[in-house]
K.L.:
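I'd like to ask some things about the structure below.
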Amino acid sequence: MSTTTQNPATFRIGGEIEINRLGYGGMQLTGRGVWGDAPDRENAKKVLQAAVEAGVNFIDTADSYGPHTNEVLISEALHPYPQNLLIATKGGLDRTGPNQWPVNGDPKHIRETIDGSLKRLKLDVIDLWQLHRFDPKFPVEETLAPVVDAVKAGKIRFVGLSEVDVAQIEQAEKVVPIVSVQNLYNLGNRQWEEVLDYTVQRGMAFIPWFPLASGPDKMKNKIEKIATAHGATTAQIALAWLLKRAPNILLIPGTSSLTHLQENLKAGEIELSDEDFKALSE
C-alpha cells in the first residue's frame with residue numbers, strides 16, 4: 001500500500017474536469033431507507049447551497065435516491081448551476097420500497113433513466129453518469145448500449161461504474177471509456193484494494209461510498225489517539241486517511257446537518273504524517 005506525501009487538493013475527471021477532492025453525496029437528503037423526499041426540504045436545500053458556497057464542486061446523486069426526489073431537490077436548490085459544478089448521477093436500480101434496491105440493467109430502463117435524470121437535474125449534459133451494478137440478466141454490452149448512444153448524442157460526457165471488480169471494468173471498457181469507479185471502501189473495509197490500485201494506474205477517479213466508517217472497535221483507540229493529536233474527530237481522520245491513501249480518491253460524505261457538513265469539509269485541512277497513515281493502515 002503506497003501513499004502520496006502531499007495530498008493534491010483537486011483531481012481531473014476524465015483528465016478534463018478539475019474538481020475539489022472533497023465533494024458531497026446527496027443520498028442522506030431523502031426519507032428513511034433512502035425512500036421519499038427529505039423530511040425537511042428547506043434545510044436540505046440549505047445544506048446543498050452551503051456545500052457549494054464552501055467550495056464543493058462535485059455532488060453525487062442517483063435516480064434511485066428517493067427515487068427521483070434527490071435529483072429534483074438538487075436542481076431546486078442549485079439551478080442555475082455554477083459553471084464549475086459537476087453533478088454525477090447513477091442509474092441501473094429499481095426501487096420497490098425503503099432499503100430495497102433490485103438491479104435493473106434492461107437497456108430500455110437505462111435509456112429512460114438517463115433521460116429522466118437530465119430532465120430532473122435540468123441539465124443538457126450529464127458530466128458523469130455511472131452504472132449502479134452489473135445485472136446478471138443482461139450482458140453488460142446490452143446494458144451499456146443506450147449509454148454509448150447518449151455519449152454520442154452529447155447527453156453524457158463521461159461514464160463510470162459502481163461496485164465492480166477489475167475484470168468487470170475491463171469488460172465495460174470494451175464498450176465505452178470508463179473514468180470512475182464508485183465502490184464501498186473506507187478505513188475499516190478495504191475489500192476493493194486491488195480495484196483502487198488499478199484505478200490509480202489507469203488515472204480513473206475512485207469514489208468510495210460509506211467513506212466515514214472508521215473501522216472495527218479494535219482500531220478505536222488508535223484513531224482516537226491520532227484524532228486528539230490533530231484536534232479532530234474520528235470521522236475527520238477517516239476522511240483524511242482516504243485523501244492520503246491515493247491521489248485519485250474523491251470523497252462524497254453525505255449529511256443532512258450543516259454542522260457535520262462543515263466538519264467533513266475541514267478534513268481536507270488535516271495532513272496526516274506518514275507515521276499516522278502507517279498506524280491506521282496496519
Side-chain angles (χ1 to χ4, degrees), residues 13-14 23 25-30 33-36 58-74 86-121 123 125-153 155-185 192 195 199 204-210 250 252 254:
I13 295 266
M27 190 167 89
Q28 302 246 358
L29 301 181
T30 53
V34 199
W35 186 256
F58 180 64
I59 291 177
D60 175 84
T61 184
D63 80 312
S64 58
Y65 297 168
H68 304 163
T69 62
N70 202 240
E71 290 179 327
V72 171
L73 182 73
I74 287 168
L86 190 162
I87 298 170
T89 193
K90 297 179 286 297
L93 297 178
D94 281 327
R95 294 304 306 280
T96 49
N99 292 317
Q100 293 171 15
W101 309 81
V103 178
N104 186 349
D106 186 328
K108 183 173 178 284
H109 172 72
I110 299 295
R111 188 170 282 109
E112 287 166 359
T113 288
I114 294 165
D115 289 338
S117 289
L118 282 164
K119 196 173 175 181
R120 286 183 293 273
L121 288 165
L123 289 169
V125 187
I126 295 167
D127 282 324
L128 178 60
W129 185 93
Q130 301 176 106
L131 178 68
H132 257 300
R133 299 286 185 277
F134 277 42
D135 185 345
K137 298 189 294 296
F138 295 90
V140 75
E141 295 76 11
E142 284 182 25
T143 295
L144 289 174
V147 181
V148 173
D149 292 343
V151 171
K152 286 177 183 166
K155 293 178 179 182
I156 290 174
R157 187 163 173 189
F158 291 120
V159 180
L161 304 169
S162 182
E163 282 303 280
V164 283
D165 59 28
V166 171
Q168 288 173 317
I169 300 169
E170 290 174 341
Q171 194 183 350
E173 281 202 288
K174 289 174 183 161
V175 186
V176 67
I178 300 299
V179 305
S180 66
V181 172
Q182 188 162 343
N183 281 17
L184 172 64
Y185 186 83
W192 293 115
V195 174
T199 62
M204 296 171 178
F206 187 89
I207 309 164
W209 58 269
F210 203 27
L250 308 181
I252 49 164

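Here, residue 1 is the first one in the sequence, and each next residue gets the next number. The structure displayed is predicted, hence computed values, not measured ones.
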K.L.:
I'd like to know if Lys155 and Asp115 make a salt bridge, using a cut-off of under 4.0 Å between side-chain N and carboxylate O.
P.N.:
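Asp115 and Lys155: salt-bridged.
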K.L.:
Of the non-hydrogen atoms in Thr89 and Asp63, which two are nearest, and what is the gap between them?
P.N.:
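Closest approach of Thr89 to Asp63, heavy atoms only: OG1-N, 3.6 Å.
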K.L.:
Between Gln168 (side chain only) and Asp165 (backbone N and O only), is there a donor and an acceptor less than 3.5 Å apart?
P.N.:
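Indeed, once roles are kept as given, a pair shorter than 3.5 Å links the two residues.
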K.L.:
Where is the tightest heavy-atom contact between Val34 and Met27, given as atom of each residue plus distance?
P.N.:
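Closest approach of Val34 to Met27, heavy atoms only: CG1-CG, 3.6 Å.
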K.L.:
Tell me whether Arg95 contacts the main-chain N or O of Trp101 through its side chain, where contact means a donor paired with an acceptor under 3.5 Å.
P.N.:
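The answer is no, because no donor-acceptor pair under 3.5 Å joins these two groups.
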K.L.:
Ala172 and Phe134: which non-hydrogen atoms are nearest, and at how many Å?
P.N.:
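For Ala172 and Phe134, the tightest heavy-atom pair comes out as CB-CZ, 4.2 Å.
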K.L.:
What's the verdict on salt bridge (Lys or Arg N to Asp or Glu O under 4.0 Å) for Asp135 and Lys137, showing C-alpha distance, side-chain angles and the deciding distance?
P.N.:
CA-CA 5 Å; Asp135 185 345; Lys137 298 189 294 296; 3.2 Å; yes
K.L.:
Is it true that Glu112 and Lys108 make a salt bridge, defined as a side-chain N closer than 4.0 Å to a carboxylate O?
P.N.:
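Between Lys108 and Glu112 there is a salt bridge, with a charged N closer than 4.0 Å to a carboxylate O.
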K.L.:
If I take atom CG from residue Leu86 and atom CG from residue Asp127, how far apart are they, to the nearest 0.5 angstrom?
P.N.:
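So the gap between those two atoms works out to 4.5 Å.
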K.L.:
Minimum heavy-atom separation for Leu161 to Ile169, with atom names?
P.N.:
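Answer, listing the atom of Leu161 first, then Ile169: CD1-CA, 3.9 Å.
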K.L.:
Looking only at heavy atoms, which two atoms of Ile110 and Trp129 are closest? And how far apart?
P.N.:
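For Ile110 versus Trp129, the nearest heavy atoms are CG2-CH2, 3.9 Å.
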K.L.:
So, the side chain of Asn70 versus the backbone of Tyr65: is there a donor-acceptor pair under 3.5 Å, distance only?
P.N.:
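The answer is no, because no donor-acceptor pair under 3.5 Å joins these two groups.
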K.L.:
If you compare all heavy atoms of Pro208 against all heavy atoms of Ile252, which two are closest, and at what distance to 0.1 Å?
P.N.:
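Pro208 and Ile252 have their closest heavy atoms at O-CG1, 4.1 Å.
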